[in-house]
Amino acid sequence: MHGRSRVFLLRRIHLKDSDRPRQLSCQTSPSPLPPDSNLKPLCLQGRLHEALLGMATLGAEVRFHGYDALLTACIDRRAFLEGQLVHAHMIKSQYLPSVYLATRLLIMYVKCDSLNDARHMLEAMPERNVVSWTAMISGYSQKGHCAEALGLFVKMMEAGQLPDEYTLATVLTSCTGPFGPKHGRQIHSLALKTNFDSHMFVGSSLLDMYAKASEIEDARRVFDILPDRDVVSCTAIISGYAQLGLDAEALEVFKLLHKEGMDCNYVTFSCLLNALSGLAALDYGRQVHGLVIRCELPFYVVLQNSLIDMYSKCGSLIYSRKIFDNMLERSVISWNAMLAGYGKHGLGSEVVRLFKSMVQEVRPDGVSFKAVLSGCSHGGLVDEGLDFFDFMVNDQRMKPDIGHYGCVIDLLGRAGRIEKALDLMKCMPFEPTTAMWGSLLGACRVHANVSIGEFVAQKLLDIEPENSGNFVILSNIYAAAGRWQDVARVRELMKERTVTKEPGRSWINLDKTMHTFYSSDRSHPQREQIYAKILELYERIKEAGYVPDLSCVLHDVDDEQKESMLLGHSEKLAIAFGLMGSTPCKLIRITKNLRICVDCHNFAKYVSKVYARDISLRDSNRFHLIVRGTCTCRDYW
DNA sequence: ATAGGGTTAG
């Protein structure tokens, strides 16, 4: 055991020792039982109401131990009304509570979610200790009232009260949001001064604070110097990576800690599954599911929800549904995860069917409607989607947020009702987002609406000139209309505004290894075979009618170079590799970090037809399941 | 007495 932990232990032992003489003296000269001595056994047996009756009968004869037992029972059972009765009884009997009992009252109010009463209690206390302050700070933290929690912490310091490890662990959870890291670092230095920085609870709180502030290296540093680790601190670092989208790192650190024999609980697995969802790592997901089963954990809705989500994001909806059907109880999140799964796979009718059974059991929330609306959009159920929006607003009386409007704009665009979508954007109570303009631009491309497409693209280029995807789509629109001069103009524009974007990346999991490809990537050990395979595919699908869409390349090069750049797209590398490596007839599963490009989508369709192979392609937006040359997205995405 | 990690959607 680390030295500092031993110090904590000694402190506790020391406190216990100081209690001992009093207990001994009680034993040597037994006094008659106090009048309120029957309250405690009643409370311990869960007979709180009988104990309250006893309290009322005793009047002013209730003592410390009676009140303590009553308050403990109220705290355990979150019994607010009963707790208020105890408090009122104290006042009526003119009983002056000690700091301890007053703090117990405060804690009772905190646990019963009555922060105002708790705050009044704290203000009225003539004397406070570190527990009183911490309990109140904890109340604010847990309700998400970060500013109040931090403000009270400062007040505590000003009052001359030093924080202990409980206070620090608590107040750090309120260091979120824009000023979180600033306050968090100050509290970190305070923890260093008071030698609590490597306390396990303070440490996990610290590392989580850094992770939520995107300072993952600082989080890792805190984790690495912790003298002891437990489930929570290990889970916190895994979760930290996963929250920032560093899914591979989350998996790596889990593998490491698992080898070292870390404990896992349902939170650990939830975080880990979350990372595997991001990686679309079905093999690992199955393994972790197996691990979950072998751990024989009790039933946790949260964990089952994570499994549903993992299977659906790894492309295995059948397993998602199996988990969903076998659940002992479901939360609204279980339904939402299942709905979103069907939606991302383009199964609109399944979304509608599931939603209809959902409303029989639980009240859908805002997320449910987002899933249903986007599910209808991806599944091509335009009118159904609009009906659901109507149902949400007029029937359920729910206020749509900006995301719901985004879904409806997407729906209208898909139906080719582009003017209508523009109208909605003008009259909705939010500023249009780039995602909305982007969705509309996509609609203009599919429905060949050049004039609105130009207008929308201009908007987008003003708002986010750094996103080259917008230039590409605008160029697609011009190319489709045969306006080659405008294609050239867009290319010039792009050159002027040195466009940087997140590099496109596709990956495929084969034999429990993740093979990642970037555009024109030559780093794979089998690169020669992969490029040879691409050329082979290219020749054969050209015979079947594939024509490369050169407008997908915006670099100012000649057509021959464009062709070779197009063939180097990461999706194509992954497809070629998938065809080389996997067993015939097996579904080829590919994942991409951005949206799939028009040409790659077309390429995949031809390959699937000519080679009679099914291809599942998950892009940042949805799944494209391509079977015999037809995609579930119906060429709209 | 008071404390740390948490699933859907975006």
Side-chain angles (χ1 to χ4, degrees), chain A residues 68 71-72 75-76 98-108 110-111 118 128-139 141-142 163-173 196 199-209 211-212 219 222-223 226 229-240 242-243 263-274 277 300-310 312-313 320 324 330-341 343-344 364-375 401-404 406-407 433 435 620-621:
Chain A
D68 190 31
L71 285 174
T72 303
I75 291 168
D76 286 349
S98 57
V99 185
Y100 174 88
L101 271 187
T103 306
R104 292 295 280 163
L105 274 169
L106 189 155
I107 293 168
M108 181 274 293
V110 167
K111 299 276 178 188
R128 298 156 207 174
N129 60 23
V130 69
V131 180
S132 343
W133 289 103
T134 306
M136 192 66 232
I137 294 171
S138 156
S141 290
Q142 280 175 10
D164 67 2
E165 65 274 34
Y166 287 75
T167 325
L168 293 174
T170 304
V171 75
L172 280 165
T173 62
F196 286 125
H199 180 273
M200 194 145 63
F201 281 42
V202 178
S204 355
S205 226
L206 265 175
L207 87 82
D208 188 54
M209 179 275 293
K212 292 207 162 79
V222 172
F223 180 75
L226 279 183
R229 292 168 180 169
D230 69 347
V231 210
V232 178
S233 46
C234 291
T235 305
I237 191 72
I238 295 170
S239 150
Q243 276 169 24
D263 284 331
C264 294
N265 62 17
Y266 78 103
V267 183
T268 323
F269 288 128
S270 274
C271 296
L272 180 61
L273 287 166
N274 197 228
S277 306
Y300 287 105
V301 182
V302 171
L303 178 51
Q304 302 295 314
N305 293 346
S306 299
L307 282 167
I308 293 178
D309 187 53
M310 181 277 291
S312 95
K313 286 189 179 151
S320 292
F324 180 82
R330 302 182 188 107
S331 67
V332 67
I333 294 180
S334 325
W335 292 92
N336 293 352
M338 199 66 236
L339 286 172
K344 291 228 165 186
D365 64 5
V367 177
S368 319
F369 279 102
K370 234 172 267 181
V372 170
L373 292 171
S374 105
D401 69 19
I402 189 159
H404 296 111
C407 291
T433 62
S620 56
N621 208 24

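Chain naming here is simple, since letters A, B, ... match the order of the sequence lines and numbering starts at 1 in each.
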Query - A:Leu226 CG to B:dA3 P, straight-line distance once rounded to whole Å - result: 20 Å
Report task. Between B:dA3, B:dG10, B:dG5, spot the one nearest the side chain of A:Ala169, thanks. Result -> B:dA3
Query raised in the report: What is the nucleic acid contact for A:Tyr100, judged by heavy atoms within less than 4.0 Å: base, sugar-phosphate only, or nothing?
Result: base
Report summary line: Taken to the nearest whole Å, CG/A:Asn305 to P/B:dA9 is 11 Å
**Report entry** Distance-only donor-acceptor test, A:Asn274 side-chain atoms vs B:dG6 base atoms, 3.5 Å
**Finding:** no
Query raised in the report: Between atom CG in A:Leu273 and atom P in B:dG6, what is the gap in whole Å?
Result: 15 Å
Query - Among B:dG5, B:dG4, B:dT7, the nucleotide that comes nearest once only the side chain of A:Ala236 is considered - result: B:dG5
Query raised in the report: From B:dG5, B:dT8, B:dG6, pick the nucleotide closest to the side chain of A:Ala340?
Result: B:dT8
Query - Nearest non-hydrogen partners of A:Ala135 and A:Ile107, listed with the distance - result: CB-CG1, 3.7 Å
Query raised in the report: Rounded to the nearest 0.5 Å, how far apart are NZ of A:Lys313 and OG of A:Ser320?
Result: 10.5 Å
Query raised in the report: Touch check for A:Ser132, heavy atoms < 4.0 angstrom, all strands: base, sugar-phosphate only, or nothing?
Result: nothing
**Report entry** Nucleotide nearest A:Ser205 when distance is taken to its side chain, options B:dT7, B:dG4, B:dT2
**Finding:** B:dG4
**Report entry** Per A:Val267 side chain, nearest of listed nucleotides B:dA3, B:dG4, B:dG5
**Finding:** B:dG5
Query - Side-chain touch A:Leu168/A:Ser205, heavy atoms, less than 4.5 angstrom - result: no
Query - Sugar-phosphate, base or nothing in reach of A:Val231, heavy atoms under 4.0 Å - result: base
Query raised in the report: Taking the side chain of A:Lys370 as its heavy atoms from C-beta onward, which of B:dG6, B:dA3, B:dG10 lies nearest to it?
Result: B:dG10
Query raised in the report: For A:Met136 and B:dA3, what is the distance between atoms CE and P respectively, to the nearest whole Å?
Result: 13 Å
Requested in this report: Indicate, with a heavy-atom threshold strictly under 4.0 Å, whether A:Asn621 touches base, sugar-phosphate, or nothing.
Outcome: nothing
Query - Length of the line joining A:Gln142:CD and B:dG5:P, which is rounded to integer Å - result: 9 Å
Report task. Give me the ring orientation class for A:Phe324 and A:Trp335: parallel if the planes are under 30° apart, tilted from 30 to 60°, perpendicular past 60°. Result -> perpendicular
Report task. Determine the contact category for A:Tyr266: base if any of its heavy atoms lies under 4.0 Å from a base atom, sugar-phosphate if only primed atoms, P, OP1 or OP2 are that close, otherwise nothing. Result -> base
Report task. For A:Ser306, answer base if it contacts any base atom (sugar-phosphate contacts may also be present), sugar-phosphate if it contacts only those atoms, and nothing otherwise; contact means non-hydrogen atoms under 4.0 Å. Result -> sugar-phosphate
Requested in this report: Using a cut-off of strictly less than 4.0 Å, decide whether A:Lys212 has a side-chain nitrogen or oxygen near OP1 or OP2 of B:dG6.
Outcome: yes
Query raised in the report: Within a strict 4.5 Å, meaning less than it, do heavy atoms of the A:Thr72 and A:Arg104 side chains meet?
Result: yes
Query raised in the report: Of the nucleotides B:dT7, B:dG4, B:dT2, which one has an atom closest to the side chain of A:Ser138?
Result: B:dT2
Report task. Go through the side-chain N and O atoms of A:Asp309 and A:Ser306 and say whether any donor and acceptor fall under 3.5 Å apart. Result -> no
Query raised in the report: Counting side-chain heavy atoms from C-beta on, which of B:dA9, B:dG4, B:dA3 comes nearest to A:Asp309?
Result: B:dA9
Query raised in the report: Of all the choices, B:dG10, B:dA3, B:dG6, which nucleotide is nearest to the side chain of A:Ser374 once you look at every atom?
Result: B:dG10
Query raised in the report: Can you tell me if A:Ser233 and A:Ser204 form a side-chain donor-acceptor pair at under 3.5 Å?
Result: no
**Report entry** Sugar-phosphate only, base, or nothing, as touched by A:Met338 at under 4.0 Å among non-hydrogen atoms
**Finding:** nothing
Report task. Select one nucleotide: of B:dG4, B:dA3, B:dA9, the one nearest the side-chain heavy atoms of A:Val367. Result -> B:dA9
Report summary line: To the nearest angstrom, the CG-C1' distance between A:Asn265 and B:dG4 comes to 12 Å
Query raised in the report: Does the side chain of A:Thr134 get closer than 4.0 angstrom to OP1 or OP2 of B:dA3 through an N or O atom?
Result: no
**Report entry** Gap between atoms CG and P, on A:Asp76 and B:dA1 respectively (whole Å)
**Finding:** 12 Å
Query raised in the report: Just how far, in rounded Å, is C1' of B:dG4 from CG of A:Leu206?
Result: 10 Å
Query raised in the report: Base, sugar-phosphate alone, or nothing: which one does A:Thr167 contact when heavy atoms must sit under 4.0 Å apart?
Result: nothing
Query - Side chain A:Asp401 and base B:dG10 donor-acceptor under 3.5 Å - result: no
Query - Pair of N/O donor and acceptor under 3.5 Å linking B:dG5 base with A:Thr235 side chain - result: yes
